[in-house]
Amino acid sequence: MTFTYRPKGVCSQLMEIEIEDGKLQSLNVIGGCDGNLKGISRLVEGMEVEEVIRRLEGVRCGRKSTSCPDQLAQALKASLSEA
């Protein structure tokens with residue numbers, strides 16, 4: 001399953017996510033902190049979706065109540081509820 005997600009409250013503008021057999025296969029983030037998001041993408045590829053959510057949900061960016069990693073967790077949670 002491949003889907004896109006528009007993050008809210010962060011610098012990144014779009015997340016393109018591919019999930020297969022409960023694992024995050026690929027993540028491409030448009031906008032935001034390029035190097036950091038490429039690093040996060042490489043770290044989470046091949047990881048179980050539930051594990052990505054567990055590790056990234058609630059991460060904050062400065063004084064913001066969310067972050068790009070937290071928005072990824074929210075996107076993945078939404079994908080689980082739709083499946």
Worksheet entry | Smallest separation among heavy atoms of Gln71 and Lys8, with atom names | OE1-N, 2.9 Å
Discussion item. Can you tell me how far apart CG (Leu72) and CZ (Arg55) are? Round to the nearest 0.5 Å.
Written reply: 13.0 Å
Discussion item. In this structure, would Leu14 and Tyr5 fall into the same cluster of hydrophobic residues linked by side-chain contacts under 4.5 Å?
Written reply: no
Worksheet, complete the sentence: With sequence neighbours left out, the residues meeting side-chain hydrogen bond (donor to acceptor under 3.5 Å, both in side chains) with Arg60 are none
Worksheet entry | Derivation and outcome, side-chain contact (heavy atoms from CB on, under 4.5 Å), residues Leu80 and Ile53 | CA-CA 11 Å; Leu80 292 176; Ile53 294 169; 3.7 Å; yes
Would you tabulate the side-chain donor-acceptor contacts of residues 31-50 under 3.5 Å, counting partners in other chains and residues two or more places apart, or write 'none'?
unit_1	atom_1	unit_2	atom_2	d
Asp34	OD2	Lys38	NZ	3.2
Ser41	OG	Leu27	O	3.2
Ser41	OG	Leu37	O	2.8

Discussion item. Does Arg6 form a side-chain contact (heavy atoms from CB on, under 4.5 Å) with Met15? I'd like the steps, not just the answer.
Written reply: CA-CA 6 Å; Arg6 293 211 177 271; Met15 295 181 176; over 6 Å; no
Discussion item. Do Ile19 and Val29 sit in one hydrophobic cluster, given that two such residues count as connected whenever their side-chain heavy atoms are within less than 4.5 Å of each other, even indirectly?
Written reply: yes
Worksheet item: Can you get from Phe3 to Ile30 by hopping between Ile, Leu, Val, Met, Phe, Trp and Tyr side chains that sit under 4.5 Å apart?
Response: no
Practice prompt. Output the distance between atom SG (Cys61) and atom CZ (Arg63), rounded to the nearest 0.5 Å.
Written response: 12.0 Å
Item to complete: Verify, without hydrogens or angle tests, whether Ser67 (side chain) and Val59 (backbone) share a donor-acceptor contact under 3.5 angstrom.
Response: yes
Discussion item. Please find the pair of heavy atoms, one from Ile17 and one from Ala75, that lie closest to each other, and give the distance.
Written reply: CD1-CB, 3.8 Å
Worksheet item: Are any of the side-chain heavy atoms of Leu24 and Leu76 separated by less than 4.5 Å?
Response: yes
Fill in: Note, Met1 side chain near Ser79 side chain (heavy atom, < 4.5 Å)
yes
Practice prompt. Show your reasoning for whether side-chain contact (heavy atoms from CB on, under 4.5 Å) applies to Lys64 and Cys11.
Written response: CA-CA 11 Å; Lys64 295 178 183 179; Cys11 299; 4.0 Å; yes
Practice prompt. Please collect all side chain to side chain donor-acceptor pair (under 3.5 Å) contacts where either partner lies in residues 14-31, sequence neighbours excluded, each pair once.
Written response: Glu16-Asn28, Glu18-Ser26
Practice prompt. Go through the steps for Thr66 and Val10 under the test side-chain contact (heavy atoms from CB on, under 4.5 Å), then give the verdict.
Written response: CA-CA 7 Å; Thr66 189; Val10 296; 3.8 Å; yes
